[in-house]
Amino acid sequence: MTNYKRITPKIENKFHSFLRSVNALIIQSYLDQEGRLSYGYFFTILRPLLITLLISLVLRAFSNDINLADAIKIFLFPAGLFFLIREMIAKSTYADNRRFVLYLPNVNFFSLTFANCISIILIYSPIFFVCIGLSLYFEYSFNYLIYFELILLGFFLGMAYQFLAALIIFENKFLITVHSYVPISLLFLSCVFFPLESVPKDYHFFFLLNPMVHILEEVRTLFTLQHVEGIDLNYVYEFIFWLFLFLLPTYYLKTTFFLRKSI
């Protein structure tokens with residue numbers, strides 16, 4: 001494998017240069033998905049919204065005792081946040097797919113991954129505005145500040161996971177293949193389309209190991225006002241802390257002992 005030498009341009013404001021590189025990477029992420037920037041913005045915003053609405057309406061069709069207003073609260077609000085986190089987890093292979101970009105000036109593993117995370121939250125943010133609009137239309141009563149806190153918490157969880165997972169699986173085809181099954185399994189292990197209380201209590205311990213369960217159940221609690229046993233956001237904060245804590249030593253080990261070039 002050819003080793004390329006990174007070119008370091010003479011730029012006084014390195015932070016400004018870093019932000020410009022992140023901005024360019026975000027725009028490129030839209031182009032990668034749809035090929036054209038104007039259509040890319042539209043379809044990348046529309047796709048997750050349609051998926052979330054479709055699944056919510058299908059679930060309502062199988063539950064005759066749930067009306068549309070209840071289905072939106074129980075399914076759409078958690079699903080919108082779930083798809084944001086799931087997309088960030090699924091895109092942990094982004095750094096590997098775009099590794100040739102790492103040789104550009106002012107671009108490294110951290111700027112590439114950070115730009116990918118920012119682009120995902122920008123793509124999925126319209127879902128949350130739609131949820132707010134529906135809440136005003138149906139006159140839901142809930143704490144908006146807590147809802148936005150849960151959105152930010154989900155974003156940081158997805159970002160922390162992507163930073164660490166992308167670093168671990170970088171240039172490892174076996175781990176990339178294994179990781180491809182993670183987003184699929186989360187559909188059944190995150191209590192996104194069924195509440196935790198519907199799961200037999202003997203299995204609650206295993207579901208509660210997933211920090212996404214804590215976040216999504218807290219979203220439902222905003223409307224039901226019934227706290228689910230075992231749900232604790234402090235566990236999510238601690239989980240994110242440990243993910244970021246392991247990032248730097250993992251980066252050192254990866255670049256020192258496993259890779260032949262710097263990332």
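Along the sequence shown, the residues carry numbers beginning at 1. Heavy-atom basis, side chains included; hydrogens, waters and symmetry copies ignored.
In this structure, T256 contributes its side chain and L253 its backbone to no donor-acceptor pair below 3.5 Å. Remark: the backbone N or O of A95 is not paired with any side-chain donor or acceptor of N116 at under 3.5 angstrom. Proximity of a side-chain donor or acceptor of S198 to a complementary backbone N or O of F194 within less than 3.5 Å is not detected. Without hydrogens or angle criteria, K254 side chain to F170 main chain gives a donor-acceptor distance under 3.5 Å. Side chain of K91 to main chain of C117: no donor-acceptor pair is present (N/O by atom type, distance under 3.5 Å, no hydrogens or angles). Side-chain N or O atoms of Q162 include one that pairs as donor or acceptor with a backbone N or O of M88 at under 3.5 Å.
Ring geometry for F138 versus Y140: interplanar angle under 30°, hence parallel rather than tilted (30 to 60°).
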The test is ring pair (Phe, Tyr, Trp, His ring centres under 6.0 Å); show your working for Y251 and F110 and say whether it passes.
CA-CA 10 Å; Y251 181 83; F110 294 100; 5.0 Å; yes
Chi angles and distances behind the side-chain contact (heavy atoms from CB on, under 4.5 Å) call for C191, L216:
CA-CA 7 Å; C191 297; L216 300 183; 5.7 Å; no
List the steps, then state whether side-chain contact (heavy atoms from CB on, under 4.5 Å) holds for L84 with I127.
CA-CA 9 Å; L84 168 65; I127 292 181; over 6 Å; no
For a ring pair (Phe, Tyr, Trp, His ring centres under 6.0 Å) check, start with the C-alpha distance between F163 and Y161, then their side-chain angles and the critical distance, and finish with the verdict.
CA-CA 6 Å; F163 266 102; Y161 179 95; over 10 Å; no
Stepwise side-chain contact (heavy atoms from CB on, under 4.5 Å) check, L164 with I168
CA-CA 6 Å; L164 189 59; I168 293 175; 4.0 Å; yes
Intermediate values then yes/no, side-chain contact (heavy atoms from CB on, under 4.5 Å), F128 and I132:
CA-CA 6 Å; F128 308 118; I132 295 298; 5.5 Å; no
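Taking each heavy atom of C131 and F77 in turn, the nearest pair found is O-CZ, 3.2 Å. Residues N210 and L189 come closest through the heavy atom pair ND2-O, 3.1 Å. Contact between D96 and N172 at its shortest, heavy atoms only, is OD2-N, 4.4 Å. I240 approaches A160 most closely through the heavy-atom pair CG2-CB, 4.1 Å. Shortest non-hydrogen contact noted between R86 and P183 is NE-O, 3.1 Å.
Here the CG-CZ distance, from L102 to F109, works out to 9.0 Å after rounding to the nearest 0.5 Å. The distance from the CD1 atom of I89 to the CE atom of M212 is 5.0 Å, given to the nearest 0.5 Å. Here L247 contributes atom CG and T113 contributes atom OG1; the two are 9.0 Å apart, rounded to the nearest 0.5 Å. Between the CD atom in E149 and the CD atom in E218 there is a gap of 9.0 Å [rounded to 0.5 Å]. With values rounded to the nearest 0.5 angstrom, L150 atom CG is found 13.0 Å from H214 atom NE2. In this structure, S92 OG and L175 CG are separated by 12.0 Å, a value rounded to the nearest 0.5 Å.
No more than 12 heavy atoms of other residues, nucleotides or ligands lie within 6.0 Å of OH in Y181, so this atom counts as exposed by the packing criterion. Other residues, nucleotides and ligands place more than 12 heavy atoms under 6.0 Å from the OH atom of Y147. By the neighbour-count criterion of 12 heavy atoms within 6.0 Å, atom CZ of F206 is sparsely surrounded, having that number or fewer from other residues, nucleotides or ligands.
Looking at F114 and M159, their side chains come closer than 4.5 Å, going by heavy atoms from C-beta outward. Side chains of I215 and F82 form no contact here, defined as non-hydrogen atoms less than 4.5 Å apart.
Taking hydrophobic clusters as Ile, Leu, Val, Met, Phe, Trp and Tyr residues chained together by side-chain heavy-atom distances below 4.5 Å, Y203 shares a cluster with L208. Note on F156 and L145: separate hydrophobic clusters, where clusters join Ile, Leu, Val, Met, Phe, Trp and Tyr whose side-chain heavy atoms are under 4.5 Å apart, directly or indirectly. Residues F188 and L81 are members of one and the same hydrophobic cluster, defined by side-chain heavy-atom contacts under 4.5 angstrom among Ile, Leu, Val, Met, Phe, Trp and Tyr. Hydrophobic clustering keeps I146 apart from F129 (ILVMFWY residues linked when any side-chain heavy atoms are closer than 4.5 Å, directly or through intermediates).
If you check the side chains of S111 and N108, you find a donor sitting under 3.5 Å from an acceptor.
For residues 179-208, the set of pairs meeting the salt bridge (Lys or Arg N to Asp or Glu O under 4.0 Å) definition, not counting sequence neighbours, is empty.
Not less than 6.0 angstrom separates the ring centroid of H179 from the ring centroid of Y94.
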For a quick test of your reading: what N or O donor-acceptor pairs under 3.5 Å do the side chains of residues 222-236 make, sequence neighbours left out?
unit_1, atom_1, unit_2, atom_2, d
T224, OG1, R220, O, 3.2
T224, OG1, Q226, N, 3.4
H227, NE2, I231, O, 3.1
D232, OD1, N234, N, 3.1
Y235, OH, L209, O, 2.7

